[in-house]
Amino acid sequence: MEPFELGFVGGCTLEPFWGGISLSSSSCWRGMEPFELGFVGGSKLVVRGRRSGGVRTCRNVVAPEQPASVSRKSREWTPGSWREMPVRQVPDYPDKKKLEDVEEQIRRVLPLVFSGEVERLKSQLAKAAAGKHFVLQGGDCAESFEEFEKYGGDNIRDTFTLLIQMSIAMMYGLKKPVVKIGRMAGQFAKPRSSPMEKAKNQELELPSYRGDMINGPEFTLEARIPDPDRMIRALNQSTATINLLRALASGGYLDLHKVHDINLQFVNGTPQGQQFLDYANNITNAIAFMGSCGLPTDSPDVRQAEFYVSHEALLLPYEEAMTRYDKNTGKYYATSGHFIWLGDRTRQPNGAHVEFLRGIANPIGIKCGPSLSRDDLLELLEILDPNNEPGRITLINRVGAGKVWDHLPRHIETIKEEGRNVLWVCDAMHGNTESSPSGYKTRRFENIHSEVKEFFEVHKAMGTYPGGIHLEMTGQNVTECVGGMMELDHEDLFRRYESQCDPRLNASQALELAFLVSEMMAKQERQ
């Protein structure tokens, strides 16, 4: 079959259905019945009439793109106005009534986060953009129901502890506050490059696993059917997660007077663990010195930590249902998380995800991959941040090691020319995924480190501030990424490979990267 493209004609819209796409229209192609585009045997595109049941092969289906000049300013925004726009990466649920019931249940629950917290984070991100703070964002590729049940919340505590360790190492080297944001309490859905996938060494092809919030990882047809009840389960787990995080952050668990206790057991005895203990000794001595001078050492800033949660705003029915209007500010907030981001696969300026995000007051991240053009970047900024609000937009660069100089400078030049207020963050994970000889998806620590290093070098050369890093990582002793001081190699991956999606840095690798970032930043500050 020859390559083909799917576009839009007049008022026609593409709508996902189970296993394919449907094309429907209220104003065009009159006299034609709606039809569906699907795949047979993983190789043939077919057109199936809904009412007639007829099937025919389709070749070179080409339609012009929808114009990019749709006026948003003249159109009223509502939490559900995204439904009027073309949507990608959102599944079609076979049971529409069940979906509506679940959405209504979610609309009635209490928010996970509150407007005051969101606005405080926004102010801190504005300071990071100005070079006064640094951002550390990290956590699971995709949160898992199975891991939550298996570890009973210990995995959340361990990842939280790791993020605190990393932030302490960075603060010690940077001499700046570190804004701590977890990929937690909502990161259950994942975009996929293909709607279908095959199991290892098998010919059977099924709909792709899209995260526990949508369908199951088991390679069966039943598990892969999108189930609205999974949103309720994800919400319940998110509620438990954020409650635990709040308790850990404010309950004395992070008291710097007890900094030696902030350590993960399996990191003890490693070079990274020893380096952290050296930092801890210096922090303890500094606090003791302050006390001996009569300076206060019992500030909440010493005994507590501010911690925020984030996720990709992918599953729009869930995000809409979790949106709340705040009477005090007169704004809408996505109360599913403090910070939410726009993925590289869903950042179409005329797409549904951009439409949803333009109306909420949360700080927003935009993943900036190699394909992001100058025009699209400017259009996204105009749509999402028309007032150029400090702290509103974070640009998350994710291009891969060896490619940062090819792409980041042009984005920086664009931002400089337009006078935009943005925070620059490096996602050194998603551009560095590869397949190991054993068939596992993995990432090389050296490539992750290299992309971060290139990110810092570009900003130094262009006179801008590298404001943060964004990592997929876990506090568990997994074996998913190769390299680092522990010298994990491809033969080690099978020992404890637990991710259902992308490979994560383990605690030792993540802490090692934190020390390297701290040293890079400190060196730049001295120059």
Side-chain angles (χ1 to χ4, degrees), residues 135-142 162-163 166 169-170 183 190-191 193 270-272 343-345 365 367-372 395-409 411 424-461 466-474 476-499 501-521 523-524:
V135 173
L136 171 62
Q137 185 175 10
D140 279 323
C141 165
L162 174 59
L163 284 164
M166 295 170 70
M170 290 178 176
R183 287 174 57 112
K190 291 291 292 182
S193 57
T270 67
Q272 300 90 327
D344 200 49
R345 294 187 179 97
K367 289 291 187 82
C368 302
S371 64
L372 179 61
L395 297 182
I396 307 171
N397 197 67
R398 37 94 75 216
V399 295
K403 302 176 183 177
V404 180
W405 281 97
D406 296 333
H407 301 286
L408 182 56
H411 294 325
W424 296 100
V425 167
C426 176
D427 170 0
M429 307 299 293
H430 287 89
N432 294 306
T433 307
E434 60 184 76
S435 295
S436 72
S438 56
Y440 288 98
K441 289 172 67 175
T442 190
R443 290 160 173 157
R444 298 175 186 268
F445 181 87
E446 62 189 61
N447 289 340
I448 295 168
H449 177 213
S450 178
E451 182 166 356
V452 174
K453 186 177 179 182
E454 293 168 33
F455 177 77
F456 280 84
E457 290 171 348
V458 169
H459 280 287
K460 180 182 178 183
I469 57 174
H470 179 120
L471 304 173
E472 291 186 341
M473 44 169 271
T474 176
Q476 300 298 304
N477 187 21
V478 298
T479 54
E480 297 171 1
C481 293
V482 298
M485 284 187 181
M486 295 181 68
E487 298 183 342
L488 291 177
D489 59 29
H490 293 286
E491 286 69 34
D492 296 314
L493 295 178
F494 79 94
R495 289 197 289 115
R496 193 174 170 186
Y497 196 104
E498 297 184 356
S499 175
C501 290
D502 292 336
R504 304 162 293 177
L505 295 171
N506 64 26
S508 175
Q509 293 165 328
L511 190 55
E512 179 181 349
L513 186 63
F515 286 127
L516 292 171
V517 169
S518 178
E519 292 166 2
M520 281 189 285
M521 289 290 288
K523 183 178 180 180
Q524 282 197 8

Give the minimum heavy-atom separation between [X] and [Y], together with the two atoms involved.
| X | Y | value |
| --- | --- | --- |
| Phe455 | Gly467 | CE2-N, 4.5 Å |
| Cys368 | Asp344 | C-OD1, 4.0 Å |
| Gly369 | His411 | O-NE2, 4.4 Å |
| Thr479 | Tyr497 | O-CD1, 3.5 Å |
| Trp424 | Leu408 | CZ3-CD1, 3.8 Å |
| Val404 | Asn397 | CG1-ND2, 4.2 Å |

When rounded to the nearest 0.5 angstrom, what distance separates [atom1] in [X] from [atom2] in [Y]?
| X | Y | atom1 | atom2 | result |
| --- | --- | --- | --- | --- |
| Lys453 | Ile448 | NZ | CD1 | 15.5 Å |
| Met429 | Cys141 | CE | SG | 9.0 Å |
| Leu162 | Asn506 | CG | CG | 9.0 Å |
| Met485 | Leu513 | CE | CG | 11.0 Å |
| Ser518 | Met170 | OG | CE | 7.5 Å |

ask   = Residues in salt bridge (charged side-chain N to carboxylate O under 4.0 Å, His left out) with Arg444, at least two apart?
value = Glu434
query = Taking only residues two or more places apart in sequence, or in another chain, which ones meet Asp492 in a salt bridge (charged side-chain N to carboxylate O under 4.0 Å, His left out)?
reply = Arg495
Any non-hydrogen side-chain atom of [X] less than 4.5 Å from a side-chain atom of [Y]?
| X | Y | value |
| --- | --- | --- |
| Tyr440 | His490 | no |
| Val517 | Ile469 | yes |
| Arg504 | Cys481 | no |
| Glu512 | Phe445 | yes |
| Glu446 | Glu451 | no |
| Leu163 | Met473 | yes |
| Leu395 | Lys367 | no |
| Thr474 | Leu505 | no |

Taking side-chain contact (heavy atoms from CB on, under 4.5 Å) as the test, write out the residues that go with [X], two or more places apart.
| X | value |
| --- | --- |
| Ala142 | Lys190, Cys501 |
| Glu491 | Asp489 |
| Ser450 | Ala401, Glu454 |

request  = Just do the side-chain contact (heavy atoms from CB on, under 4.5 Å) check on Met520 and His449 with the steps written out, would you?
outcome  = CA-CA 11 Å; Met520 281 189 285; His449 177 213; 4.2 Å; yes
message = Please check: side-chain N/O of Glu480 versus main-chain N/O of Thr442, any donor-acceptor pairing under 3.5 Å?
response = no
task = Would you check if the side chain of Asp427 reaches a backbone N or O of Ile396 as a donor-acceptor pair within less than 3.5 Å?
result = no
inquiry  = If the condition is side chain to side chain donor-acceptor pair (under 3.5 Å), which residues does Glu472 pass it with, not counting sequence neighbours?
reply    = Arg183, His430, Arg443
key: Pair Gln509-Leu488, side-chain contact (heavy atoms from CB on, under 4.5 Å): steps then yes or no   = CA-CA 10 Å; Gln509 293 165 328; Leu488 291 177; 3.8 Å; yes
side-chain contact (heavy atoms from CB on, under 4.5 Å) assessment of Leu471 paired with Met166 = CA-CA 12 Å; Leu471 304 173; Met166 295 170 70; 3.8 Å; yes
